[in-house]
Participant: 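Before we start, here is the structure in question, set down as structure tokens.
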Amino acid sequence: MYKIETFSHNLLDWFHNNKRSMPWRETNDPYKIWLSEVMLQQTQVVTVKGYYNRFIERFPTMTSLVAADEDEVLKYWEGLGYYSRVRNFQAGVREVQEQYGGVVPKDGDAFLSLKGVGPYTRGAVMSIAYNLKYPAVDGNVYRVFSRLDDDATDIAKSTARKHFEAKVMAVMPDAAGDFNEALMELGATVCTPKNPICMLCPVQDHCEAFAEGTVLQRPVKVKKLKRKSYRYKVLLIVNDQGELLIVQRPTSGLLGGMWQFPVVDEEASLADIEELLHMNLYQEAELFHTVTHKFTHLDWLLDVYLYRTTDSATGDYHFIAREEKENYTFPVSMTKIYEHYLKTGS
DNA sequence: CAAACGTGGGA
DNA sequence: TTCCCAAGTTT
């Protein structure tokens with residue numbers, strides 16, 4: 001843990017002696033702070049500047065925005081993205097007009113309840129406009145505190161926000177607004193994702209990741225895996241002794257080395273299958289069963305078909321009796337199919 | 001709580 | 001090309 005006083009002091013001192021990223025937003029007007037913070041959600045400062053200036057010129061006050069036509073307001077957002085933001089913002093401002101006499105409430109809970117206002121926006125507006133002590137945790141703050149504490153918390157998890165809010169509050173000085181801005185400014189200009197300039201960092205002495213040499217490994221952010229879905233045919237092939245045909249999966253890769261009933265592409269025809277297995281097959285039913293199985297990173301959708309044969313197994317395929325099933329390792333998906341076969345099959 | 005929600009820029 | 005990131009919130 002770093003010494004709180006020197007940490008906050010060093011950061012604020014640096015903030016006051018450096019150029020700001022947003023000189024065009026030098027104001028304490030809660031309406032303007034609010035608007036800019038909404039525009040800045042998931043959007044870079046350089047992108048926001050022009051939109052902010054045009055918007056404020058056209059809708060300089062809450063009164064002007066409340067009276068404006070929604071379609072015209074939307075037009076001023078065109079190209080910024082995340083368009084629900086502007087609809088929510090106007091709704092929120094109208095709410096302030098009606099419920100709070102046109103004054104942005106100096107109460108975090110009340111402000112948070114407004115349309116489009118989440119934990120970050122609450123903290124930013126309450127602290128910057130009113131200097132109230134609320135955390136404003138954005139991507140910069142995740143990164144800065146992950147590094148300061150060499151904290152490997154996965155910032156992709158939704159529970160991470162409260163974790164970092166607590167860290168911010170633990171070192172929150174009286175100058176709440178400047179402090180929140182300073183943290184973000186530090187993250188945006190010095191403690192950057194790829195090429196952090198640690199030599200210029202005002203709180204380098206407090207940074208555990210710098211001391212440990214793990215700066216570039218922080219923050220930890222587990223990638224969202226794009227789950228893909230795969231559909232296969234599973235073949236339950238029974239010989240005249242009531243045995244089932246199985247085959248072993250390749251040693252490496254998914255379910256490596258485990259046994260399964262033959263699996264073929266969903267498009268495979270009966271002729272394809274007979275050629276693959278070197279057997280003549282007699283199909284029992286159109287579709288015997290369907291099983292879905294979720295892995296960490298992909299889904300299986302298995303259509304199970306039941307066949308009979310009088311031929312013997314060739315190659316890597318084996319017929320096994322029911323009592324032999326326990327001698328082989330099967331994935332859960334295959335066991336599900338087997339158990340269904342025992343219940344409803346012959 | 002994962003997914004959806006926009007767009008632009010950099011590596 | 002593809003992926004990551006950008007002063008997040010909603011459902």
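Chain A is the first sequence line, chain B the second, and so forth, proteins listed ahead of strands; every chain is numbered from 1.
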Participant: Of Lys221(A) and Lys115(A), whose nearest nucleotide on DNA chain C comes first from the 5' end?
Facilitator: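 Of the two residues, Lys221(A) wins.
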Participant: When you measure from the side chain of Thr121(A), which nucleotide among dA2(B), dA7(C), dG8(C) comes out closest?
Facilitator: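 Of the candidates, dG8(C) comes closest.
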Participant: Tell me: CZ of Arg122(A) to P of dT10(C), nearest whole Å?
Facilitator: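 It works out to 12 Å between those atoms.
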Participant: Which part of the nucleic acid, if any, lies within contact of Arg143(A), taking any heavy atom under 4.0 Å across all strands shown: a base, the sugar-phosphate backbone alone, or nothing?
Facilitator: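 Since only primed, P, OP1 and OP2 atoms lie under 4.0 Å of Arg143(A), the category is sugar-phosphate.
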Participant: Mind calculating the distance between CD1 (Ile33(A)) and P (dA7(C)) to the nearest angstrom?
Facilitator: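 So the two atoms are 16 Å apart, to the nearest Å.
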Participant: Give a yes or no on whether the ring-centroid distance for Tyr317(A) and His278(A) is below 6.0 angstrom.
Facilitator: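 They do not qualify: ring centres at least 6.0 Å apart.
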Participant: I'd like the P distance from dA7(C) over to dA4(B), given in whole Å.
Facilitator: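 Between the two P atoms, the distance is 24 Å.
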Participant: CD of Glu78(A) versus P of dG6(B): gap in Å, rounded?
Facilitator: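 The distance from CD of Glu78(A) to P of dG6(B) comes to 14 Å, rounded to the nearest Å.
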Participant: For the aromatic rings, using the six-membered ring if either is Trp, is the centroid distance between Tyr142(A) and Phe164(A) under 6.0 Å?
Facilitator: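 Here the rings of Phe164(A) and Tyr142(A) have centres that are less than 6.0 Å from each other.
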Participant: Roughly how many Å is it from CH2 in Trp77(A) to P in dG8(C), rounded to a whole number?
Facilitator: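 Interatomic distance, CH2 of Trp77(A) to P of dG8(C): 13 Å.
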Participant: Does dA4(B) have OP1 or OP2 sitting under 4.0 Å from an N or O in the side chain of Tyr82(A)?
Facilitator: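 False: Tyr82(A) side-chain N/O out of range (4.0 Å or more) of dA4(B) OP1/OP2.
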Participant: Which atom names give the shortest non-hydrogen contact between Phe261(A) and Leu235(A), and what distance separates them?
Facilitator: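 Nearest pair, atom of Phe261(A) first, then Leu235(A): CB-O, 3.5 Å.
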Participant: Provide, to the nearest angstrom, the distance between the CG atom belonging to Asn195(A) and the P atom belonging to dC5(C).
Facilitator: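 Interatomic distance, CG of Asn195(A) to P of dC5(C): 13 Å.
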Participant: Quiz question: by atom type and distance under 3.5 Å, do the side chains of Glu37(A) and Tyr120(A) form a donor-acceptor pair?
Facilitator: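 There is such a pair (donor and acceptor under 3.5 Å, judged by atom type) between the side chains of Glu37(A) and Tyr120(A).
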Participant: Heavy atoms under 4.0 Å, any strand shown: does Gly187(A) hit a base, just sugar-phosphate, or nothing?
Facilitator: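 No contact.
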Participant: What nucleotide, of dA11(B), dT9(C), dG6(B), holds the atom closest to the side chain of Pro119(A)?
Facilitator: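 Shortest atom-to-atom distance from the side chain points to dT9(C).
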Participant: Do you know the tightest heavy-atom contact between Asp151(A) and His163(A)?
Facilitator: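 Nearest heavy atoms, Asp151(A) then His163(A): OD2-NE2, 2.7 Å.
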Participant: Please pick, from dA7(C), dG6(B), dC1(B), the nucleotide with the shortest atom-to-atom distance to any side-chain atom of Arg85(A).
Facilitator: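 For the Arg85(A) side chain, the nearest candidate turns out to be dG6(B).
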Participant: In whole Å, what separates the C1' atom of dC4(C) from that of dG6(B)?
Facilitator: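 Nearest-Å result for dC4(C) against dG6(B) at atom C1': 15 Å.
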Participant: side-chain contact (heavy atoms from CB on, under 4.5 Å) for Arg58(A) and Leu65(A)? Distances and angles first, verdict last.
Facilitator: CA-CA 9 Å; Arg58(A) 173 61 186 83; Leu65(A) 184 63; over 6 Å; no
Participant: Given dG10(B), dC1(B), dA7(C), which nucleotide is nearest the side-chain atoms of Ala188(A)?
Facilitator: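 For the Ala188(A) side chain, the nearest candidate turns out to be dA7(C).
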Participant: I'd like the C1' distance from dC1(B) over to dG8(C), given in whole Å.
Facilitator: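 To the nearest whole Å, 15 Å.
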Participant: Do Arg143(A) and Asn140(A) have a side chain donor and acceptor closer than 3.5 Å?
Facilitator: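 There is such a pair (donor and acceptor under 3.5 Å, judged by atom type) between the side chains of Arg143(A) and Asn140(A).
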Participant: Take the protein atom CG of Leu186(A) and the nucleotide atom P of dA7(C), then report the distance between them rounded to whole Å.
Facilitator: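 Taking atom P of dA7(C) as the reference, CG of Leu186(A) is at 12 Å.
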Participant: Just by modelled atom types, is the Lys32(A) backbone N or O under 3.5 Å from a matching donor or acceptor in the Arg25(A) side chain?
Facilitator: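 The answer is no, because no donor-acceptor pair under 3.5 Å joins these two groups.
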Participant: Without decimals, in angstroms, what is the distance between Leu74(A) CG and dG6(B) P?
Facilitator: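 The distance from CG of Leu74(A) to P of dG6(B) comes to 11 Å, rounded to the nearest Å.
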Participant: Taking only the side-chain nitrogens and oxygens of Ser84(A), find out if one of them lies under 4.0 Å from OP1 or OP2 of dC5(B).
Facilitator: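 Looking at the OP1 and OP2 atoms of dC5(B), neither is under 4.0 Å from any side-chain N or O of Ser84(A).
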Participant: Rounded to the Å, how far apart are Phe164(A) CZ and dA7(C) C1'?
Facilitator: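 That distance rounds to 16 Å.
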Participant: If you assign Lys194(A) and Gly79(A) each to the DNA chain B nucleotide with the nearest heavy atom, which residue ends up on the more 5' nucleotide?
Facilitator: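 Whichever sits nearer the 5' end wins; that is Gly79(A).
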Participant: Hey, can you pull the residues of residues 35-61 of chain A with a non-hydrogen atom under 4.0 angstrom from DNA chain B?
Facilitator: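 Heavy-atom contacts with DNA chain B come from Gln42(A), Thr43(A).
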Participant: Select one nucleotide: of dC5(C), dC1(B), dA7(C), the one nearest the side-chain heavy atoms of Pro193(A).
Facilitator: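 From the listed options, dC5(C) comes nearest.
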